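Below is one structure, written out as structure tokens; the observations come after it.
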Amino acid sequence: MKMRSALSLGLSLTVGVAIGIATYLWYSHPPEAAAPSMAGDTPVVLYWYDPMRPDQHFDAPGRSPFMDMDLVPKHATDQPGAVSVRIDPRMVQNLGMRTAPVTRGTFYQRVDTTARIEVDERSRTQVFMRASGWVEVLNVRAEGERVARGQVLAEVYSPSIATAKGELLIALESDQGALIAAARAQLKSLGVGAQEIAAVETSRQASRRTRVTAPVSGYVMTLGVREGSAVGTDAPMFELSDHQHVWVIAEVPERESAWITSGRSAQVRVSARPGTVFEGEVDYVYPDLDAATRTRRVRVVLDNADGDLHPGMYAEVTVYGGGRRDQLLVPTEAVIRTGARTMVMVAEGDGRFAPVAIKIGDERAGETVVREGLQEGVEVVTSGQFLIDSEASLQGAYRRLSGSQP
């Protein structure tokens with residue numbers, strides 16, 4: 001019984017191996033009757049296949065076991081040695097493959113990007129004390145407060161300034177012009193304003209405190225002191241900014257930054273003012289490149305007299321350049337980037353397509369400049385490239401295009 005089972009198993013294995021060898025020999029060396037040939041004008045079908053699984057071949061037409069679609073015939077005329085590939089016209093129609101012509105026209109340089117609104121650094125003003133002391137009265141207690149030029153921000157007691165005021169009173173009593181001038185100069189060197197010096201001379205009294213006033217109108221950006229705190233000469237008490245102008249710092253992709261220079265016109269939009277377009281121009285292009293985002297910073301200066309723009313806002317920026325005439329243009333969606341090269345699929349008609357290597361330039365608004373590789377009027381595929389790419393890979397067209405296959 002065991003011997004019969006062993007013989008049966010051995011026979012099954014032998015038959016299976018024989019069938020496998022026969023199948024391999026059939027596909028690797030088909031009989032002459034199955035060799036590619038032409039019967040009149042009707043091309044011979046070699047096999048059927050699913051475009052999504054082109055490595056699987058079938059002997060008869062029907063529905064694909066992998067996708068809900070009909071199998072596609074592979075004709076004898078679709079030789080692997082040909083540069084172009086052929087896709088059954090029915091499949092082209094079913095997949096809705098689209099083409100578009102290569103055109104020649106004017107390419108308008110334009111960059112649409114995001115930005116943030118920042119304080120105009122040139123409007124920042126720091127308020128220092130030139131003599132050490134203590135804050136006895138603080139009139140501004142929070143950052144962001146609006147102040148006017150000449151407004152008293154704080155009153156500080158400084159022993160050095162109090163002594164200098166006393167020396168001015170002594171000089172006034174002596175009625176000696178040289179001593180009075182020297183006392184005035186000393187007070188000015190300590191940061192005491194002309195108005196306060198005049199008040200001492202008029203009243204003939206020296207106030208214990210010294211007033212700290214705002215040199216410009218604006219907002220308190222930094223508050224460096226509190227009431228009762230000590231004041232030194234090495235740190236600002238206040239930092240003010242008038243916000244009459246703001247900076248719009250835009251992030252421009254590295255590829256599009258080459259043509260952006262100072263003086264280019266720009267438009268800025270913010271969500272807080274829908275429908276409003278702020279006109280400006282590029283004031284400065286920063287020399288450094290952000291290694292993480294691969295962008296360069298571009299600064300646009302806007303007038304903000306109405307106070308509509310506030311630091312911290314996000315904005316959308318459009319920078320305009322000149323138009324370049326007589327440029328060869330293709331739809332950006334037609335461009336295939338493989339990593340090693342850039343190409344498009346050219347429609348040759350009758351369901352035949354060929355990969356063509358190209359060199360491209362700038363891209364904007366769905367259009368890409370073609371520098372080399374195409375001519376005006378050629379039809380390129382804009383959708384369905386995955387099917388052609390699969391077929392071209394199967395036939396080795398890409399390898400032949402790179403020169404690795406004769």
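None of these values were measured; they are calculated from a predicted model.
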*Please name all residues satisfying salt bridge (Lys or Arg N to Asp or Glu O under 4.0 Å) with Arg296, sequence neighbours left out, ordered by chain then number.*
none

*Using the test side-chain hydrogen bond (donor to acceptor under 3.5 Å, both in side chains), find all partners of Arg299 that sit at least two apart in sequence or belong to another chain.*
Asp283, Tyr286

*Could you name each residue pair satisfying side-chain hydrogen bond (donor to acceptor under 3.5 Å, both in side chains) that touches residues 304-320, not counting sequence neighbours?*
Asp112-Thr318, Gln267-Tyr320, Arg273-Asp308

*Within a strict 4.5 Å, meaning less than it, do heavy atoms of the Val317 and Val248 side chains meet?*
yes

*Would you say Thr125 and Pro215 make side-chain contact, with heavy atoms under 4.5 Å?*
yes

*Which residues pass the salt bridge (Lys or Arg N to Asp or Glu O under 4.0 Å) test with Arg149, sequence neighbours left out?*
none

*asked:* Between Arg255 and Glu363, does any NZ, NE, NH1 or NH2 come within less than 4.0 Å of an OD or OE carboxylate oxygen?
replied: no

*Could you tell me whether a side-chain N or O of Ser229 sits under 3.5 Å from a main-chain N or O of Val225, the two making a donor and an acceptor?*
no

*According to the side-chain hydrogen bond (donor to acceptor under 3.5 Å, both in side chains) rule, which pairs have a member within residues 128-145, sequence neighbours left out?*
Glu136-Arg208, Glu136-Arg209, Arg141-Glu227

*Who passes ring-ring contact (aromatic ring centres under 6.0 Å, His included) against His245, sequence neighbours left out?*
none

*Can you sort out the partners of Glu118 under side-chain hydrogen bond (donor to acceptor under 3.5 Å, both in side chains), two or more places apart, ordered by chain and number?*
Arg116

*Set of salt bridge (Lys or Arg N to Asp or Glu O under 4.0 Å) partners for Glu196, sequence neighbours left out*: Lys165

*asked:* For Asp175, give me all partners under salt bridge (Lys or Arg N to Asp or Glu O under 4.0 Å), at least two apart in sequence or on another chain.
replied: none

*Please name all residues satisfying side-chain hydrogen bond (donor to acceptor under 3.5 Å, both in side chains) with Gln186, sequence neighbours left out, ordered by chain then number.*
none

*Qualifying residues under side-chain hydrogen bond (donor to acceptor under 3.5 Å, both in side chains), relative to Glu379, sequence neighbours excluded*: Thr99

*Any salt bridge between Asp362 and Arg324, counting N to O under 4.0 Å?*
yes

*Only counting residues at least two apart or in another chain, list the ones meeting ring-ring contact (aromatic ring centres under 6.0 Å, His included) with Phe107.*
none

